[in-house]
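Quick notes on the structure that follows.
Atoms within a ligand are numbered from 1 in the order they appear, just like the ligands themselves.
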Amino acid sequence: MDKIIILIGAPGAGKGTQARLLDERRGIPQISTGDMFREMKTLDSPLAREVQEIMASGRLISDEITYRIVRERTSKPDTAGTFVLDGYPRTAVQAEQLEELAKEQGKEIQAIEVDVDRDELTKRLTGRRSCPICGEIYNIYSKPPKVDGFCDEHPEAALDHRADDTEEKVRVRLETYDELTKPLLAYYEGTGRLKKIDGTGEIEDIYREVDELI
Ligand code: AMP
């Protein structure tokens, strides 16, 4: 049976990194609601402006809007089989909506928790910088570029610092995770669909675990 794999973890746990690897190496499409919302930045519509404002504050976009973009994205042909959701569901309502979607598509849900402790998450997020040209991710604490503030490969471009990666916004995002998303773990656990992995350590080691679970 085809699956909807969901990666659950706090912001900065590495869900996006692992989902990207699954996409690249196993051809399992990665669907990231955060990426889709960030792409809306380039649009100039009232909805895009609202989304941008909420994202910059560190809070969540409404369940209704989020479900709309998830439905639309998962109706494309590349998601006819198994796909991985990174950053969705994040609330109890979204989890219910996903059950509906899975039923309609005849798929089973498999949840994987990526666990990382709070101090490490804060460092990962507030230290994160990315190249606007190639997307390479740096971290001022653990993976600094050779020249402060600039990509090693594209020295002409100053590295981006996401508006929601500042200390204050990171606090809001982590609190939002604790309050709204963390309770979903008990729900998936209770229905026998949750596996947990340790999200600290080498990306390749973590990938091996994720790969084995799927
Ligand atoms: P992420 O890149 O996954 O950390 O997402 C960045 C931001 O996009 C979040 O802080 C939210 O504002 C928004 N977002 C992403 N996924 C969701 C979701 N499932 N529900 C509501 N808002 C979301």
Side-chain angles (χ1 to χ4, degrees), residues 4-23 29-43 46-74 79 83-102 109 111-116 118 120-132 135-139 160-185 187-188 199:
I4 298 177
I5 298 153
I6 60 180
L7 298 178
I8 306 185
K15 304 181 297 290
T17 302
Q18 295 302 326
R20 210 169 306 126
L21 289 174
L22 283 172
D23 196 330
Q30 170 200 13
I31 296 177
S32 158
T33 43
D35 285 350
M36 289 192 285
F37 285 135
R38 268 185 291 281
E39 276 163 22
M40 288 174 73
K41 252 196 207 164
T42 53
L43 305 174
L47 177 65
R49 277 193 293 276
E50 188 191 330
V51 163
Q52 209 170 324
E53 211 171 287
I54 298 172
M55 279 182 88
S57 74
R59 289 175 296 122
L60 296 182
I61 313 292
S62 76
D63 292 329
E64 192 200 333
I65 293 174
T66 307
Y67 190 47
R68 215 188 301 155
I69 67 156
V70 169
R71 272 202 86 88
E72 198 178 299
R73 176 64 187 87
T74 57
T79 52
F83 59 84
V84 53
L85 283 171
D86 133 34
Y88 187 91
R90 262 160 138 120
T91 67
V93 170
Q94 292 180 12
E96 277 171 36
Q97 290 168 330
L98 184 63
E99 296 291 351
E100 279 301 308
L101 191 79
I109 294 171
I112 299 177
E113 177 189 1
V114 185
D115 183 42
V116 173
R118 185 58 37 123
E120 171 73 15
L121 289 170
T122 304
K123 259 198 195 162
R124 285 188 188 181
L125 292 167
T126 58
R128 178 161 66 179
R129 304 287 184 275
S130 66
C131 173
E136 180 70 19
I137 310 271
Y138 295 90
N139 188 289
D160 281 338
H161 186 197
R162 267 169 61 171
D164 58 352
D165 277 346
T166 60
E167 213 155 307
E168 185 205 340
K169 304 298 160 54
V170 163
R171 192 176 41 76
V172 174
R173 289 162 70 201
L174 293 176
E175 279 169 13
T176 303
Y177 174 78
D178 283 345
E179 192 187 326
L180 298 175
T181 311
K182 222 176 176 176
L184 301 184
L185 294 172
Y187 169 66
Y188 289 112

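- Side-chain N or O atoms of Arg90 include none that pairs as donor or acceptor with a backbone N or O of Leu60 at under 3.5 Å.
- Between Leu60 and ligand 1, a contact under 3.5 Å exists for no N or O pair.
- Between Glu175 and Arg171, at least one side-chain N (NZ, or NE/NH1/NH2) sits under 4.0 Å from a carboxylate O, which counts as a salt bridge.
- Contact between Asp23 and Gln30 at its shortest, heavy atoms only, is OD2-N, 3.1 Å.
- At the top of the distance list for atom 16 (N) of ligand 1, counting protein heavy atoms only, stands Thr33 OG1, 2.7 Å.
- Taking CG of Asp35 as the start and CZ of Arg73 as the end, the distance is 11.0 Å to the nearest 0.5 Å.
- Heavy atoms of Met40 stay at 4.0 angstrom or farther from ligand 1.
- Residue Arg38 approaches ligand 1 through these ligand atoms, each under 4.0 Å from one of its heavy atoms: 2 (O), 6 (C).
- Checked by distance only, ligand 1 and Asp35 stay at 3.5 Å or farther apart across all their nitrogen or oxygen atoms.
- Some N or O of Gly87 is nearer than 3.5 Å to an N or O of ligand 1, by distance alone.
- Residues Arg129 and Asp165 are not paired through a salt bridge, judged by the lack of any N-O separation under 4.0 Å between the basic side chain and the carboxylate.
- For ligand 1, the atoms lying closer than 4.0 Å to a non-hydrogen atom of Gln94 are 18 (C), 19 (N), 20 (N), 21 (C).
- Each of the atoms 4 (O) of ligand 1 lies under 4.0 Å from some heavy atom of Arg173.
- For Arg118 and Asp178, the salt-bridge test passes: some basic side-chain N is under 4.0 Å from an acidic carboxylate O.
- The nearest heavy-atom contact from the protein to atom 7 (C) of ligand 1 is Met55 CE, 3.6 Å.
- Protein heavy atom at the shortest distance from atom 22 (N) of ligand 1 is Ile61 N, 3.1 Å.
- Looking only at distances, a side-chain donor or acceptor of Arg124 sits under 3.5 Å from a matching main-chain atom of Ala13.
- Listed by atom number, the atoms of ligand 1 under 4.0 Å from Thr66 heavy atoms are 18 (C), 19 (N), 20 (N), 21 (C).
- Ligand 1 has no atom lying under 4.0 Å from any heavy atom of Lys15.
- Regarding atom 18 (C) of ligand 1, its nearest protein heavy-atom neighbour is Arg90 CD, 3.4 Å.
- The nearest protein atom to atom 23 (C) of ligand 1, hydrogens excluded, is given as Phe37 CE1, 3.7 Å; this is a heavy-atom distance.
- Counting the atoms of ligand 1 from 1 in the order shown, those under 4.0 Å from a heavy atom of Arg59 are 10 (O), 11 (C), 12 (O).
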